[in-house]
Amino acid sequence: MATLTDSEKLLLNLIKIHSISGDLDNSLKVIKYVADYLNTFSLYIKQFNDNGYPILLATTKQTTKPEILFLAHGDVVTADDQDFEPKVSRDKIYGRGALDMKFAIAAYLNLFNELHKSRKLTNLNIGLAITTDEESRNKNIDFLLDEVSPGCAVLLDGASDWNLEASSKGAWTVLLSLKGETAHGSRPWEGDSATERLINLLAELKTAFEPLDKADATLNITNLHSKGAINQVPDNASVCLDIRYKDRSRFNKIKKRLTALCHKYRVKLKVLLEFEPVIHDTANLYLRSFNKSVENVLKLSNNQEVVSFGASEASSLSKRGIPTIVSRPSGGGAHSKSEWVDRQSFNYTVSILTQFIDLVSQR
């Protein structure tokens, strides 16, 4: 195994923090780790509390308008303890958050360190921000953007292989819950099965997503749950639906279908999370400069522009008219036990971001 780089050492430390979204104590540990690292760099550091969820903002100038804001979320999806024990192979780093997206925090920290050592940092007008609720409620970003309005944002939370995100799907996560009437399991006609009604609803809804087309709208059924004895007709049931969509008109049809089914089966719907689809202006000078930096570092002649299936905080940035660069290194297994980031690709991050800053500064 090759010697660990400074960015890799930082990433291993960050993966070890069990910052599952909603675990406010461990989310605060991520914020503290970042703040402690940055404290020696003569930055203007603020910490905010958004209903218990911590946010960090560090800027090189005492301003609410940094030209470039490097943004990442420090929370991760639920995981077992062993997923927070990073593993390093010859070419990969494994662990929860390795790709989504603690690698970015590690790279940003190392970037600021390198700029500090070269005495460039305080001459720049840049910032770094960490949110902690992207995977669960996605409200930190709007709280943050009420405090800071950057010229552009760098959000390494989409696309892959250092391709540039040209657009991303929207996401709509809802909780369906319903009540029935219990009865003995041998006499189901005497009750009102909540699970049966819910299963019938899901079966009808599923037809709106067939045949499966990953470029179109998709449905992910999660957290199907009911309480009661195994020989009872269940009087309660709930399920979460994770719906991804490309365009608003398609989404409106799905929403109308689901609303009608909820009425038919007497189901309550609660919106948990919502991201609007994003279309980036890839001709924007910031995005073009970033793409040029990738091409220079990776020695490419024509870096690709791609569609991301996942959603990100770019949705909120886009609504405020802030040009947002979404990209990331090679990796895979996000939100799974096999999450990983490619070491070589990851270690290009600081060079790419340094070139990007230089190109922006020359404008």
Side-chain angles (χ1 to χ4, degrees), residues 20-22 24 27 48 50-53 55 71-78 100-101 129-147 153 155 157-159 165-178 198 201-202 205-206 208-209 213-225 238-263 267-280 307-324 326 334-335:
I20 295 171
S21 203
L24 302 183
S27 293
F48 306 101
D50 175 20
N51 288 314
Y53 290 83
I55 306 168
L71 175 64
H73 64 83
D75 59 314
V76 298
V77 297
T78 186
D100 188 13
M101 60 174 302
I130 309 296
T131 61
T132 60
D133 75 338
E134 194 265 1
E135 301 288 8
S136 61
R137 62 198 279 273
N138 194 46
K139 296 184 182 297
N140 276 182
I141 182 62
D142 288 309
F143 186 104
L144 174 68
L145 293 177
D146 287 338
E147 302 290 335
L155 178 65
D157 193 24
E165 180 181 279
S167 62
S168 67
K169 285 186 176 183
W172 195 54
T173 304
V174 297
L175 171 67
L176 305 185
S177 58
L178 63 157
L198 187 57
L201 181 152
L202 294 175
L205 179 65
K206 192 74 167 62
F209 297 87
D213 180 357
K214 65 181 182 180
D216 193 25
T218 59
L219 170 67
N220 177 37
I221 300 170
T222 71
N223 293 351
L224 185 59
H225 185 69
S238 64
V239 69
C240 286
L241 305 180
D242 178 6
I243 295 171
R244 307 296 173 121
Y245 61 97
K246 184 173 64 175
D247 61 78
R248 174 58 66 173
S249 61
R250 176 81 164 98
F251 170 69
N252 287 339
K253 292 178 182 177
I254 292 169
K255 186 176 180 181
K256 183 177 180 181
R257 176 83 173 270
L258 179 55
T259 300
L261 289 172
C262 286
H263 179 74
V267 173
K268 181 180 178 182
L269 184 152
K270 178 182 179 182
V271 178
L272 301 180
L273 199 60
E274 188 164 12
F275 294 85
E276 292 286 338
V278 175
I279 298 176
H280 300 280
V307 177
S308 290
F309 298 133
S312 73
E313 290 167 317
S315 175
S316 292
L317 291 152
S318 176
K319 282 190 288 188
R320 298 190 186 223
I322 299 170
T324 305
V326 182
H335 293 196

Taking side chain as C-beta onward, heavy atoms only, is [X] less than 4.5 Å from [Y]?
X: Ile221; Y: Leu241; answer: yes
X: Lys246; Y: Val307; answer: no
X: Phe275; Y: Ser312; answer: no
X: Thr259; Y: Lys255; answer: yes
X: Lys206; Y: Leu219; answer: yes
X: Leu317; Y: Leu71; answer: yes

Search all heavy atoms of [X] against all heavy atoms of [Y] and return the closest pair with its distance.
X: Tyr245; Y: Ala171; value: CE2-N, 3.8 Å
X: Lys214; Y: Thr218; value: CA-CG2, 4.3 Å
X: Ala314; Y: Val326; value: CB-CG2, 3.9 Å
X: Ala217; Y: Ile254; value: CB-CD1, 3.6 Å

Suppose we screen for side-chain hydrogen bond (donor to acceptor under 3.5 Å, both in side chains). Which residues come up paired with [X], at least two apart in sequence or across chains?
X: Asp242; result: Arg244
X: Ser238; result: none
X: Arg257; result: Thr207
X: Glu313; result: Thr131

Got a sec, which residues hit salt bridge (Lys or Arg N to Asp or Glu O under 4.0 Å) with [X], two or more places apart in sequence or on another chain?
X: Arg250; answer: Asp216
X: Glu135; answer: none
X: Asp75; answer: none
X: Asp100; answer: none

Original post:
According to the interplanar angle, ranging from 0 to 90°, do the rings of Trp172 and Phe251 count as parallel (below 30°), tilted (30 to 60°) or perpendicular (above 60°)?
Top reply: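 It falls in the perpendicular class, over 60°.
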Gap between atom [atom2] of [Y] and atom [atom1] of [X] - 0.5 Å precision:
X: Ser316; Y: Asn138; atom1: OG; atom2: CG; value: 5.5 Å
X: Leu155; Y: His73; atom1: CG; atom2: NE2; value: 7.5 Å
X: Ser136; Y: Ile20; atom1: OG; atom2: CD1; value: 11.0 Å
X: Asp142; Y: Asp50; atom1: CG; atom2: CG; value: 9.5 Å
X: Leu198; Y: Leu224; atom1: CG; atom2: CG; value: 6.0 Å

Checking [X] now: which residues fulfil side chain to side chain contact (heavy atoms under 4.5 Å, CB included) with it, not counting sequence neighbours?
X: Lys268; result: Ser177
X: Thr132; result: Ser27, Ile31, Tyr53, Pro54, Asn140
X: Leu201; result: Leu176, Leu258, Leu261, Cys262, Tyr265, Val267
X: Thr222; result: Asn220, Cys240

Original post:
Taking atom CG of Leu272 as the centre, does the number of heavy atoms from other residues, nucleotides or ligands within less than 6.0 Å exceed 12?
Top reply: yes
Subject >> Cationic N near anionic O, under 4.0 Å, Asp247 to Lys253 >> reply: no
Subject >> Test side-chain contact (heavy atoms from CB on, under 4.5 Å) applied to Asn51 and Phe143, step by step >> reply: CA-CA 10 Å; Asn51 288 314; Phe143 186 104; over 6 Å; no
Original post:
Got a donor-acceptor contact below 3.5 angstrom from the Ser168 side chain to the Ala311 backbone?
Top reply: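 No, because the side chain of Ser168 does not come within donor-acceptor range (under 3.5 Å) of the backbone of Ala311.
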**OP:** Take Ile322 and Leu145 through the side-chain contact (heavy atoms from CB on, under 4.5 Å) test and state the conclusion after the steps.
**Re:** CA-CA 10 Å; Ile322 299 170; Leu145 293 177; 4.0 Å; yes
**OP:** May I have the step-by-step check of side-chain contact (heavy atoms from CB on, under 4.5 Å) for Asp157 and Glu134, ending in yes or no?
**Re:** CA-CA 11 Å; Asp157 193 24; Glu134 194 265 1; 3.7 Å; yes
